[in-house]
Structures are given as structure tokens and as C-alpha cells.
Amino acid sequence: MFPYPSGAGLHVGHPEGYTATDILSRFRRAQGFNVLHPMGWDAFGLPAEQYAIKTGQHPRITTNQNISTFKRQIRSLGFSYDWSREVDTTDVEYFRWTQWIFLQLYNAWMNPKTGRAEPVSSLPIPASLTSEDERRAYVDARRLAYVSEAPVWWCEALGTVLANEEVIDGKSEVGSHPVTRKPMRQWMLRITAYAERLLEDLNSIDWSDSLKEMQRNWIGKSEGAQVEFKVEGAEARITVFTTRPDTLFGATYMVLSPEHALVPSLTTAAQRTAVEAYRNEVSKKSDLERTELSKEKTGVFTGAYAINPVNGARIPIWIADYVLATYGTGAIMAVPAHDTRDFEFAQKFSLPVVQVVAPRGTEDWKGFTGDGTAVNSASADVSLDGLATPEAKKKITQWLEARGIGAKTTQFKLRDWLFSRQRYWGEPFPIIWKRNASGAVSHQALPDASLPVVPPPLDDYKPTADGQPPLARAQSWVSLPDGSNRETNTMPQWAGSCWYYLRYLDARNSARFVGADVEAYWMGTSGSDSRKASKGVDLYVGGTEHAVLHLLYARFWHKVLFDLGFVSTPEPFHKLVNQGLILGEDGQKMSKSRGNVVNPDDVLKEFGADAFRLYEMFMGPLEMVKPWNTQGVEGVYRFLGRTWRLFVDEGSETRYEQGTAAEPHREDEFLSAIALQSSIRDEAATSAQLKTLHACIKKVTEDLEGLRFNTAISAMMVFTNEAMNWPVKPASVLADFLVLLQPFAPHIAEEPPASAFTPPGSPDIDGPGLSALADL
RNA sequence: GCGCACGUGGCGGAAUGGCAGACGCGCCAGACUUAGGAUCUGGUUCCGUAAGGAGUGGAGGUUCAAGUCCUCUCGUGCGCACCA
């Protein structure tokens, strides 16, 4: 995953994944593969903007400085990136395509018949809609990018709205600031239309179980039924969602969320005061208080009763904040005998508890939530008694369906993606707002030809006094000659990172976001490259922190582009590996406040890039969380020293060191006088020597296939330790060993006189190579 | 509470069900050195002078054979968290 170039510079965690993929890239190139190994910058974001607010300096300047720091540091590590493919999400030539992809979403709808996104031009509009406004509203309500007025997460401290995924325990993911619920007009992306496919296709990709599980939990599919309840003495019907329709006979009361639309009309005169008071109280609670802090159940009786459709029982309707307005239908049937939350509530308010499921073993039926056998579940019309839970569910659902009062349904926790932010340093939307003759305001996409939409220059990057996004300050930019106005929100940082891996494939294409042939070749669908086994990116390495953000959003965009025929694979990343966090030497997470941050520049200065690379890989398995240990760096540094002396005559090395110290200007001359070990001869290897070499080749090859870099390095250490003791060192054996070492430690492996052994070439390398090793 | 990982020397960590502790750090002893925080050699799981014994968080089980597989249990990390 490409980095956000922060002002703090590279962290030792960044090169962990980068080293792993660089080693693998060099290894695959040596095997004859074409390898695409790129780097870029996820450079929109808040820090540069906040710095701009404070100092008035344009975020472009800060961003460029940070990128050049990151680039210098990354280059010094000797990664074999193809810099001709470098991307920067804040570059107009990049974000014009981010805007273009947004327009594809805007101009698409999900066809329920085909299960695929299609251009809105294919959307059938009911003939009954005759006016232009009606027809437009119909289409707008079905676009994959749409405008919503719903309550959203607002963060006062950050001065912007946030997506569900960016809110953790009622606080902002960035900076842990409090967030509140606030109704605002916002752009949304219809990711929920892809919930089923995002879930299903996890089975086709090679990701870790824990990561897939996180995505599954976030998508949160649950299968059950909707059931309609009549309200006594009223026309209104209450629809609930339940995963346990088989327990319908045990429903002894109902609960609506306090925000439920029917609450005011259901409430009886006698209960009105209590209900209003409760609703008021709940609305004042922050979300944090509603979830974390209130363990004790609360609620109020509305005075109304519903009729249980299976047995005609009259059951009270309550409101309680343990029922969420935003999930399912915002109403539940409560079965206290077999649901923990309902049980707690029933205990507190002395509501009846009726057993309808018998556990198989000796467990107490009260509060039993597992599968068992249905009991006490019979009426004149239907009986579930004696049926196992799955059969009982099936039977009752069919019964409800037959009567038109219920249906099998599937619910998802996943919500649509809130896609707009009140920021300056982000992609402007290619959207304008128009007021028509009747005074109605509507949005309209700008044509492709008007891309890129570039943000205007500003003197002040703060939101306006009346709470408008910063872009609203640029009146001349916002107001267009025809009287329409530009959208002043910008896209979230995730937008640019949703598709950068595609831009790498064809980074300088000015006619298309990625060329079709190029895309098919690298993603493995062109058929001309039989060596590529998987479809999509072969290996994607990054941290777990993006498990439900970047990785879900990117999969969603990719599927939309797939449906519309712009990419050839249904999934973007075939194999994904999460590198484990690197902790400080004290075993704590690295942070400035703890003072345990290791700066890669310091390590490089002392030990060189090869030792740094080697140590990062030798610490332990890539995926594991592990603490940094400077003495461990010394260990691999000593290994590189031993390997160097395996090849180099120590006398000539000493002459180089002493000569250079005395007469620095003659360094090149002394360098070229460094001689090979006299024990290296052009002789045939003994069988024992070949065995040592071949064991090393086998181990390193197999371990690289399995991404076990730490054990591959240990195998090379074993080889060096043994070869040091050989009285005669066959040149052919050492040359083969260098081929193995080169992906890990490219600088030393290509230094003279080692290069006399014709190691494989590699793209240009910068950084401290010999200079860091010369004083071994 | 639920889900997913994971528990091995002083430390980081190795071990297709087949000699536990590879490799590295640290430590101990020695060599070379004016010097050593360089380098080289040997040693280093624990108990025991030794012979020998014990040993992969704990308790059971499967197996000719278990760090590895199964059950329970304790602990750590990560994720989700009133999602009906």
C-alpha cells in the first residue's frame, strides 16, 4: 500500500512491506518474470490542510516537500521501483481520473435483474412520470452516487462529516474527537448494492482469515424474515426483522426504536408524557452514552398493543433505545426466553417470558439462544412443535408468506458510503447545481471534457462563517456564468487510494484511466501471459488498519468498473498480506510521546541499506507484530561483514581503508585494488560443497515462495558460516550464492569485486552501498 | 459478551505428526591484539559435579510417535460490540 507522505518522514514500519515486495520482485525478475513494482503517494489529507489553515501556505507546497522527503528515504533503501509509474493522488493528471470514475458511479445504477451496475441510460423510467422534475428525481434516486439529507456523523473538531467506517466508539478515527449526529445534505455512494458480492467474492481471494472475517463482520449479513404485526385498534402495521421467526410464539412484547416513525401515532394519551420525556432524553444522549456507557436497559410503554399474527396474542408495544433506528426496520418482536437483550429488558420491566425452544442438553431454557427443538408453538392454524430450529424457521416463514404477512429477507449492517467532506485539500466533485424555472434545485454532472476540476486558490482555508466548506470562499469559482453553482464539498482521502493500483499499470496514459490491453496484460486476463496464475494484483502488502476502509472501498469501486466493462477482473487484489506492526525496543507501540521511535535514516547511516533491509525481514514472520532491537541489526550487519570477507582479501581491504583515510582523493584507485580472497579458485566443487549450496538454494527458493523471509535469511547465514571454513572456495559456488543474496542485499551483491561473479543485473540503485560496508 | 489469531530458552524466533530450541541477539570461556564495544574458536533450555532426569501456558485425549491433531481450561493480542 502506498504511503501518506507525512511531515514526520518515513517510519520503520513503512519499509517492512516495501522490502518484502522488493525482495520478491527481484527474485521473480531473476526467474524471468515481468514484474510491476511501483510506488506512489496518497497525498490528499488533513495535516497539509491544517498546516495551511495555520500558516496560509498552500497545501501543495507542504505536500511536495513531504513527498520529496519520503522519496529520498525510500530511494536510499535501494528498492527497485519503476519510478516512471510513480503516481500522486493530488496531481491533476491523476485526480482528473478520480473525478472521471466518480462520474461513472454517478451515471450508473444497479440493475436488480442482472445484479450488475449499468449506465443510467438503460434505466427504465415509469411512463406515469411525465414531468422533467419527476423523471430526474426518479433517476437521481437510483444512481450509485446520490445526494442524501440523512443524519450524518459530524466532527466539530475536524470541521467535517465522516463516514461510518471513520467513527470508532463514537469518536473520530483520526484524532479521537467527539462526533455528533447531524442532518446534512451529503453525497453518498451506494456500496450496499454490492453487499452480497463483496461478501461472496471474499471466497475467491487469498487473504488471511482474520481479515476476511473483519470484512464479513462489517458487511454483517444476516438472514431471517420480516413479519408484519397489526396494531390493536389502529390501521398501522409494524414490520419487524428477526433472524428467529421460529420463536414467534414466544414474542411477548414489541419494541420500537425511540425514533421510529409510528411512535407518536401509537402512543396513548395516558402514556404520552412518559414517551415524550423518554424520546427527549434519548435524543440528548450522545452515541457514546447510548452504547458504551448505558449497560442498563431503559424503555417506556407506549400504551398500545400489537397482535401476534400466529396466535392472536395481545402484546404490549414499548420503546427502548436498545433497538436501533438504523438497523432492520427499527422495530423488533421481543422473545425474552431466547434472546439475551430481550431477556434483560423483560426482567427489568417484569414482562412475561415464554419458552418456545427446548435446548438439546440439560441447559436452562431461559435465555437459551442456540438451536434446539420448538415447543409451545402451536395454534389452530399452524404448529412448529417438535421441529428442529432450521425446519421451524422454514415452516413458519412459508406460513407467513402464504398469508402475505411476512417474507424471507436478508439484512446487512453495511451502510452506504458517505462520500463528501468539507475540506479544501481533496478532489472537487465534477458536479454543478442548477435552479430550474420552477425554483427546484438539482445537480448535474459536468461533461468529461471539463475535467479536471481544479480547486481554486484561496487565502484562507477555513470553512466559511456560516459553516460552508472552504471552497465556498472562492465565489468566482463557485458561480458559473449560466447561474449555476459548483459543488463545494470535496471527496474523502479514500477516493484517490481506491484505484491507484490501476493507474500504476498505465500511469502516463492521458486518454484513459488505464488502457484496456495494458490492464488485461497485468491483471492476468489477456491470455497471452500463461505464467500468471492469479487474476488481479498478485501480491498486495499493507497494514491491517485498512481492513474495512480502503480495502472495502477499493473492492467496491473495482466491481463497479468491472460491471461497466472498464476492468477485466471482479476483484482487485488476489493475494493480500498484512505486515505486522513493528513495536519500539520497549515492546510498546512507537510514538513520539514514548520516545521510542526508530528513524530509518539513523539506522541507514550506521549500518547501511542492506543491513536495514535484512534486519526488517529477519525479525520474524512478515505478518507478526514484533519489537525492534538495535542489537539485532548488528547481528545481520555482522553477517554481511562475514559474507564480504568470504569474497574479499582482508589485506587489500585494510590497504583500501588506511589508504583512503590518509589520501581520500585516491579512494577510487584503492577501491579498484581490492582483491578477491586467494582461496577462491576456479575449481570444481566437492560434493559436500555442492550439498551445502543446494540446500541453501532449495530453502531460500521455497521460503520466498511462502514469504518466509526470516528463515530464508537464516539459510544464507548457514551457508556463509560453512563456506568461511572451506580451504578452497569454488568460484562457481560463490557465484550461485550471490544470486540468492542479491534480492535481499542488492548493494553488497553487486559491489566489486563481487560483481566479477556476474550476478544478475537490477534497475538503478541509489544509496549507501559500499560506503556503508567499507569499514567492516 | 461475540469473532479471529496466538502462547516454545534470558530475548527475537526455528521445527511436511518423526532427534524441540535452526538462525540471530545476549551471556560464558579462550585465541589474536598496545587496545577491543573489531575479528576468530568453543560453549550456552532447565535441574544435577556427573550418570541421569525434566521440558513447548495448564489438565485430559488420539497415535508406535504430539510444540504440531482433538476436548476442556487459563493467559495475551487484534477486531466487532445492544445489528434483533
Visitor: For B/A54 versus B/G61, give the span between their C1' atoms, rounded off to a whole number of Å.
Guide: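 Roughly 22 Å separates the two C1' atoms.
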
Visitor: Expressed in angstrom and rounded to an integer, what is the separation of A/Ile319 atom CD1 from B/C82 atom C1'?
Guide: 16 Å

Visitor: Taking CH2 from A/Trp218 and C1' from B/G79, how many angstroms apart are they, rounded to a whole number?
Guide: 11 Å

Visitor: P atom, B/G58 versus B/C74: distance in rounded Å?
Guide: 15 Å

Visitor: Looking at A/Arg638, does any N or O in its side chain come under 4.0 Å of the phosphate oxygens OP1/OP2 on B/G26?
Guide: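 Result: yes.
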
Visitor: Going by atom types alone, do A/Tyr278 and A/Thr298 pair a side-chain donor with an acceptor below 3.5 Å?
Guide: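 Their side chains do contain a donor-acceptor pair, which is all the 3.5 Å distance test asks for.
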
Visitor: Base, sugar-phosphate, or nothing for A/Ser714, non-hydrogen atoms under 4.0 angstrom?
Guide: base

Visitor: Starting at the 5' end of RNA chain B and moving along, which residue's nearest nucleotide shows up first, A/Thr544 or A/Gln411?
Guide: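 Result of the comparison: A/Thr544.
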
Visitor: Within the structure shown, what part of the strands sits under 4.0 Å from A/Val625 by heavy-atom distance: base, sugar-phosphate, or nothing?
Guide: sugar-phosphate

Visitor: Roughly how many Å apart are B/A59 and B/U44, using the P atom of each and rounding to a whole number?
Guide: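 To the nearest whole Å, 28 Å.
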
Visitor: For B/G13 and A/Asn629 - does any side-chain N or O of the residue sit under 4.0 Å from the phosphate oxygens OP1/OP2?
Guide: no

Visitor: Side chain of A/Thr711, heavy atoms from C-beta onward: which of B/A84, B/G12, B/A14 has the nearest atom to it?
Guide: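 Selected nucleotide: B/A14.
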
Visitor: I need the CD1-P distance between A/Ile315 and B/A84, as an integer number of Å.
Guide: 19 Å

Visitor: Which of these nucleotides, B/A84, B/A14, B/C80, is closest to any side-chain atom of A/Pro621?
Guide: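 Closest nucleotide to the A/Pro621 side chain: B/A14.
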
Visitor: Just say parallel, tilted or perpendicular for the rings of A/Trp318 and A/Phe301, cut-offs at 30° and 60°.
Guide: tilted

Visitor: If you check every side-chain atom of A/Asp209, which of B/G12, B/A15, B/C4 has the closest atom?
Guide: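 When the side chain of A/Asp209 is considered, B/C4 is the closest of B/G12, B/A15, B/C4.
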
Visitor: Tell me the stems RNA chain B sits in, counting at least three consecutive Watson-Crick or G-U wobble pairs, each under 3.5 Å on both distances.
Guide: B:1-7 with B:74-80, B:10-12 with B:23-25, B:26-31 with B:39-44, B:45-47 with B:52-54, B:57-61 with B:69-73

Visitor: When you check the glycosidic angle of B/G7, does it come out syn, meaning within 90° of 0, or anti?
Guide: anti

Visitor: Which value, in whole Å, describes the distance between the C1' atoms of nucleotides B/G18 and B/A66?
Guide: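 Each nucleotide's C1' atom is 10 Å from the other's.
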
Visitor: Is A/Glu344 paired with A/Lys348 through a side-chain N to carboxylate O contact shorter than 4.0 Å?
Guide: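 Answer for the salt bridge query: no.
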
Visitor: Can you identify which nucleotide, out of B/G26, B/G12, B/A84, has its nearest atom closest to the A/Gln631 side chain?
Guide: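 Closest nucleotide among those given: B/G26.
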
Visitor: Can you tell me, in whole Å, how much space there is between the C1' of B/U16 and that of B/C69?
Guide: 14 Å

Visitor: Starting at the 5' end of RNA chain B and moving along, which residue's nearest nucleotide shows up first, A/Met619 or A/Gly632?
Guide: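 It is A/Met619, whose closest nucleotide lies nearer the 5' terminus.
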
Visitor: With C1' as the reference atom in both, quote the distance from B/G21 to B/G67 in angstrom, rounded to an integer.
Guide: 11 Å

Visitor: Between the side chain of A/Gln215 and the main-chain N/O of A/Ala547, is any donor-acceptor distance below 3.5 Å?
Guide: yes

Visitor: What residues form a salt bridge (charged side-chain N to carboxylate O under 4.0 Å, His left out) with A/Glu196, not counting sequence neighbours?
Guide: A/Lys221

Visitor: Indicate whether OP1 or OP2 belonging to B/A14 is found under 4.0 Å from a side-chain N or O atom of A/Asn710.
Guide: yes

Visitor: Quick check: any donor-acceptor pair below 3.5 Å linking the side-chain of A/Lys297 to the base of B/C82?
Guide: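 Under the 3.5 Å cut-off, the side chain and the base do form a donor-acceptor pair.
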
Visitor: Describe the nucleic acid contact of A/Thr340 in one word from base, sugar-phosphate, nothing, applying a heavy-atom distance below 4.0 Å.
Guide: nothing

Visitor: Taking CE from A/Met617 and C1' from B/G24, how many angstroms apart are they, rounded to a whole number?
Guide: 15 Å

Visitor: If the cut-off is 4.0 Å, is A/Arg216 near the phosphate of B/C4, judged by side-chain N/O to OP1 or OP2?
Guide: no

Visitor: Using the C1' atom as the reference point in each nucleotide, state the distance between B/A38 and B/G77 in Å, no decimals.
Guide: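 About 40 Å, rounded to a whole number of Å.
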
Visitor: Quickly work out the A/Ile582 CD1 to B/G13 P distance and round it to whole Å.
Guide: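 Those two atoms, CD1 and P, are 12 Å apart.
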
Visitor: Anything under 30° is parallel, anything over 60° is perpendicular, the rest tilted; go ahead and classify A/His338 against A/Trp365.
Guide: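 Taking A/Trp365 first and then A/His338, their aromatic rings sit tilted (interplane angle of 30° to 60°).
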
Visitor: Between A/Arg594 and A/Glu585, does any NZ, NE, NH1 or NH2 come within less than 4.0 Å of an OD or OE carboxylate oxygen?
Guide: no

Visitor: Using a cut-off of strictly less than 4.0 Å, decide whether A/Asn721 has a side-chain nitrogen or oxygen near OP1 or OP2 of B/G24.
Guide: yes

Visitor: Does B/A84 have OP1 or OP2 under 4.0 Å away from a side-chain N or O of A/Ser222?
Guide: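 It does, given that an N or O in the side chain of A/Ser222 lies less than 4.0 Å from OP1 or OP2 of B/A84.
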
Visitor: Does A/Trp207 form a side chain to side chain contact (heavy atoms under 4.5 Å, CB included) with A/Leu551? I'd like the steps, not just the answer.
Guide: CA-CA 11 Å; A/Trp207 294 16; A/Leu551 288 174; 4.1 Å; yes

Visitor: Please state the P separation for the pair B/U34 and B/G26 - nearest whole angstrom.
Guide: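 The answer is 25 Å between these two P atoms.
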
Visitor: Have a look at A/Asn578 and say if it touches a base, only the backbone sugar-phosphate, or nothing, with a 4.0 Å heavy-atom cut-off.
Guide: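 If one applies the 4.0 Å heavy-atom cut-off, A/Asn578 turns out to touch nothing in the nucleic acid.
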
Visitor: Determine whether the side chains of A/Lys408 and A/Thr397 contain a donor N or O and an acceptor N or O closer than 3.5 Å.
Guide: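 On atom types as modelled, these side chains do not qualify, holding no pair under 3.5 Å.
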
Visitor: A/Val718 side chain: which of B/C23, B/G13, B/C4 is closest?
Guide: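 Minimum distance to the A/Val718 side chain belongs to B/C23.
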
Visitor: Would one find a side-chain N or O of A/Arg642 under 4.0 angstrom from OP1 or OP2 of B/G24?
Guide: yes

Visitor: Take the angle between the ring planes of A/Phe349 and A/Phe345 and call it parallel below 30°, perpendicular above 60°, tilted in between.
Guide: tilted

Visitor: Rounding to an integer number of Å, can you tell me how far A/Trp207 CH2 sits from B/A5 C1'?
Guide: 18 Å

Visitor: Starting at CD of A/Glu634 and ending at P of B/C23, how long is that distance when rounded to a whole Å?
Guide: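 Whole-Å distance recorded here is 20 Å.
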
Visitor: For the side chain of A/Pro627, starting at C-beta, report the closest nucleotide among B/C40, B/G12, B/A84.
Guide: B/G12

Visitor: In this structure, how many angstroms lie between the C1' atom of B/A81 and the CD atom of A/Glu213, rounded?
Guide: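 Spelled out: CD on A/Glu213 to C1' on B/A81 is 14 Å.
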
